[in-house]
**Q** 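Below are the structure tokens for one structure; questions will follow.
So you know, we letter chains A, B, ... as the sequences are listed, proteins then strands, and number each from 1.
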Amino acid sequence: MSLHDLQVALGTMVTKAGLTNFEHLALTEQERIWLESLVGSEGFQLTCHIQRWWRVTKLQWMARLTLAALGSSGKEFLSAYLAERQLASLFYIPEVLGFLDFVRERAAHPHIVTIARFESALLMAREGDAAETVIEFLAPAEKLLGAVLMGDPLPAVEERRYYVLVSPLLPDLWRPMEEAELNHRDTENS
Amino acid sequence: MFEFVPPAKLGIGFTYQQGLKAALGARFDLIDFFELSPDVLCNEKTDGGKRRLDYNLALLDDALEATAQKPIVIHGLGLSIGSATGWNEDYLRILDILHAHRSFVWHSEHLAFLLTVDSAGQPFHTGVPLPLPFTEEALALVAPRAQALCRRYGAPFLLENFTYYLPDLPAEGGRDEVAFLNDLTERSGCGLLLDLYNFYCNAVNFRFDPIAALARLRLDRVVEIHLAGSNAQGKFLTDVHSNLTPEAVWELLEWVVPRAPNLAGIVYEVLEQAVPIVGIDGICGQLERAKAVWERNYVTA
């Protein structure tokens with residue numbers, strides 16, 4: 001019997017919400033039988049549900065802008081993220097930053113990529129991260145953010161670039177920035 | 001063997017939350033002590049593949065200032081004391097930092113595991129506390145860790161029972177949860193944080209008599225009691241700590257308090273996100289009711 005291997009099996013089963021291959025683990029026959037019996041139990045299903053519920057709830061609390069921008073495809077992104085990305089931390093910020101990175105990698109609409117990048121920068125600024133970040137928008141920032149918050153269709157992607165400075169030193173953590181000012185700063189690129 | 005020494009009695013406590021002092025106003029003095037969770041004051045980053053916790057200094061300063069007039073106790077979630085792959089060493093570092101700022105009357109953690117590894121040996125977080133089997137190996141893992149924590153800060157260390165939903169946990173020697181908790185306190189010298197709502201949930205979910213089970217528990221090791229409430233999820237009571245304490249749990253409290261000679265505090269626990277649902281009046285009602293139970297049973301200084 002190995003407590004280590006029992007925990008590996010149980011932890012993996014809960015995060016995958018199902019039976020996993022544990023042939024390589026040093027489990028007794030009784031432990032294997034117990035683990036196999038768990039899968040069909042309501043208690044195991046509830047445990048998996050709670051695990052997933054906490055992950056989704058954290059993301060819904062902390063990635064509001066991006067999920068609002070995603071609209072009806074938000075659920076699909078959440079499901080894909082939970083299925084593909086193992087939980088590395090109980091803390092909100094690493095989980096949310098991981099999700100926002102995931103959206104940036106997968107989203108087809110450039111405005112959604114921008115919103116995810118902006119929301120990441122805001123989160124870091126809110127945590128007191130000292131680094132300033134310049135985010136490139138493809139429509140006026142207030143117009144895009146307004147549309148996201150009101151649930152309106154996103155504005156057209158423009159050829160002109162607009163810039164936003166995110167900084168923990170700013171009263172609202174962000175402000176629009178003129179291109180002239182940008183000449184003195186680095187722009188964050190993906 | 002580490003000798004258990006009960007701490008001084010504090011009275012009625014509440015979980016520290018930012019903005020609480022202002023929200024409670026004149027009713028702030030219902031609270032005799034605060035329960036502070038370092039987890040809510042920190043963030044976690046990965047530094048060269050290793051976890052690193054750092055305080056958000058503004059949140060830490062706010063917490064220390066807001067609780068300056070009252071004693072504090074610490075209640076953690078992130079230590080993962082039951083992990084066979086190793087507990088969260090970095091969590092001890094942030095406890096050390098907090099202790100350097102402010103001494104605490106006792107500290108506590110959940111009796112569970114949150115950290116393990118996958119089949120490739122990569123560490124991951126389970127996302128929800130998972131129970132330990134009631135086995136000798138689990139006792140041999142946790143008891144020395146609990147004892148080390150008893151010694152570390154010159155203050156008692158408590159382990160909290162929690163709600164689990166997995167049926168037929170592996171057990172040895174005829175142990176159940178109560179016997180396991182008793183063995184742990186005996187071997188380590190630690191105390192117990194008896195979460196009565198969690199205990200009640202397990203009793204309902206697994207159909208055992210909570211009074212008969214409490215009668216077997218080492219009540220002389222109960223230092224703190226948690227009260228809480230939640231909702232049912234299907235046929236299970238869950239421990240989300242988002243509601244008022246149910247009457248059945250108040251009845252358990254009335255039964256336990258006169259039988260727990262070393263009880264030092266009762267805390268009503270509610271998630272920060274559930275405070276608008278329960279309401280400040282609801283919270284104060286819980287504190288007042290707990291205070292009435294406390295004062296009926298203890299002579300206050």
**Q** Looking at B/L115, B/L141, B/D168, which one has more heavy-atom pairs under 4.5 Å with chain A than the rest?
**A**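 Ranked by heavy-atom pairs under 4.5 Å with chain A, first place is B/D168.
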
**Q** With a 4.5 angstrom heavy-atom cut-off, is it the side chain or the backbone of B/L132 that approaches chain A, or both, or neither?
**A**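 Side chain of B/L132 only, per the 4.5 Å heavy-atom cut-off to chain A.
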
**Q** Between B/E44 and A/F91 (side chain of the first, backbone of the second, donor and acceptor by atom type, cut-off under 3.5 Å), is there such a pair?
**A**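 Not a single qualifying donor-acceptor pair exists.
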
**Q** Chain B heavy atoms under 4.5 Å from A/Q86: which part of the residue, side chain, backbone, both or neither?
**A**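 Side chain only.
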
**Q** Let's test your reading of the structure: which of A/T12, A/T20, A/N21 forms the most heavy-atom pairs below 4.5 Å with chain B?
**A**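 Option with the greatest count: A/T12.
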
**Q** Taking the side chain as every heavy atom from C-beta outward, state whether A/V8 and B/D118 have any pair of such atoms under 4.5 Å apart.
**A**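 No, side chains not in contact.
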
**Q** Does the A/Q7 side chain pair with the main chain of B/G82, one donor and one acceptor, at a distance under 3.5 Å?
**A**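 Checking the backbone N and O of B/G82 against the side chain of A/Q7, a donor-acceptor pair under 3.5 Å is found.
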
**Q** Please state whether the side chain, the backbone, both or neither of B/T126 comes within less than 4.5 Å of a heavy atom of chain A.
**A**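 When you check distances to chain A, atoms from both the backbone and side chain of B/T126 fall under 4.5 Å.
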
**Q** Side chain, backbone, both or neither: which part of A/R85 has a non-hydrogen atom closer than 4.5 Å to chain B?
**A**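 The answer is neither part of A/R85.
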
**Q** Are there over 12 heavy-atom neighbours, none belonging to B/H101, within less than 6.0 Å of that residue's NE2?
**A**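 Atom NE2 in B/H101 is not packed in, count stays at 12 or less.
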
**Q** So, do A/H24 and B/S119 sit near enough that their side-chain heavy atoms are less than 4.5 Å apart?
**A**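 Yes, side chains in contact.
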
**Q** Quick check on A/E76: does its CD atom have over 12 non-hydrogen neighbours (other residues, nucleotides or ligands) under 6.0 Å away?
**A**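 No, the 6.0 Å shell around CD holds no more than 12 heavy atoms from other groups.
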
**Q** I'd like to check the side-chain contact (heavy atoms from CB on, under 4.5 Å) partners of A/D152; sequence neighbours left out, ordered by chain and number.
**A**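 Listed in chain order: A/A147, A/M150.
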
**Q** If you compare all heavy atoms of B/H125 against all heavy atoms of A/T15, which two are closest, and at what distance to 0.1 Å?
**A**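 What the structure gives for the nearest pair is O-CG2, 4.2 Å.
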
**Q** For A/E23, is the CD atom crowded, meaning more than 12 foreign heavy atoms sit under 6.0 Å from it?
**A**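 Atom CD in A/E23 is not packed in, count stays at 12 or less.
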
**Q** How long is the gap from NZ on B/K235 to CG on A/L46, to the nearest 0.5 Å?
**A**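 Answer rounded to 0.5 Å: 10.5 Å.
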
**Q** With a 4.5 Å limit on heavy-atom distance, are the side chains of A/W61 and B/Q273 in contact?
**A**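 In contact.
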
**Q** Show the nearest heavy-atom pair for residues B/P167 and A/L38, with the distance to one decimal.
**A**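 Taking every non-hydrogen atom into account, CD-CD2, 3.6 Å.
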
**Q** Is there a side-chain contact between A/P94 and B/N43 (heavy atoms, below 4.5 Å)?
**A**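 Counting from C-beta outward, A/P94 and B/N43 do come under 4.5 Å.
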
**Q** At a 4.5 Å cut-off on heavy atoms, which part of A/Y92 comes close to chain B: side chain, backbone, both, or neither?
**A**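 For A/Y92, side-chain heavy atoms alone lie under 4.5 Å from chain B.
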
**Q** Is there a side-chain contact (heavy atoms from CB on, under 4.5 Å) between A/I50 and B/Y165 once you walk through the steps?
**A** CA-CA 10 Å; A/I50 291 172; B/Y165 313 101; 3.4 Å; yes

**Q** Of the non-hydrogen atoms in A/L6 and B/P133, which two are nearest, and what is the gap between them?
**A**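 In terms of heavy atoms, the two residues are closest at CD2-CG, 4.0 Å.
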
**Q** Identify the heavy atoms of A/G11 and B/L130 that sit nearest to each other, and give their distance.
**A**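 What the structure gives for the nearest pair is CA-CD1, 4.0 Å.
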
**Q** Check this for me: A/E178, atom CD, are more than 12 non-hydrogen atoms of other residues, nucleotides or ligands nearer than 6.0 Å?
**A**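 12 or below, so no.
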
**Q** Within the structure provided, determine whether B/T116 and A/L10 are in side-chain contact (heavy-atom separation under 4.5 Å).
**A**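 The answer is no, as the side chains (C-beta and beyond) never meet within the 4.5 Å cut-off.
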
**Q** Given heavy-atom pairs under 4.5 angstrom as the criterion, report whether the side chain, backbone, both or neither of B/V40 touches chain A.
**A**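 The answer is neither part of B/V40.
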
**Q** Given the options A/T57, A/L25, A/V14, A/I93, which has more heavy-atom pairs under 4.5 Å with chain B than any of the others?
**A**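 The answer is A/I93.
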
**Q** Do A/W53 and B/V240 have side chains that get closer than 4.5 Å, going by heavy atoms?
**A**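 Of all side-chain heavy-atom pairs linking B/V240 with A/W53, at least one is under 4.5 Å.
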
**Q** Under 4.5 Å from any heavy atom of chain A, what part of B/F113 do you find: side chain, backbone, both or neither?
**A**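 It is the side chain, since no backbone atom gets that close.
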
**Q** Look up atom CD in A/E42 and atom CD in B/Q233, then write down how far apart they are to the nearest 0.5 Å.
**A**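 Between A/E42 CD and B/Q233 CD, I get 11.5 Å after rounding to 0.5 Å.
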
**Q** Of the backbone (N, CA, C, O) and the side chain (C-beta and beyond), which part of B/L169 lies under 4.5 Å from a heavy atom of chain A, both, or neither?
**A**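 When you check distances to chain A, atoms from both the backbone and side chain of B/L169 fall under 4.5 Å.
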
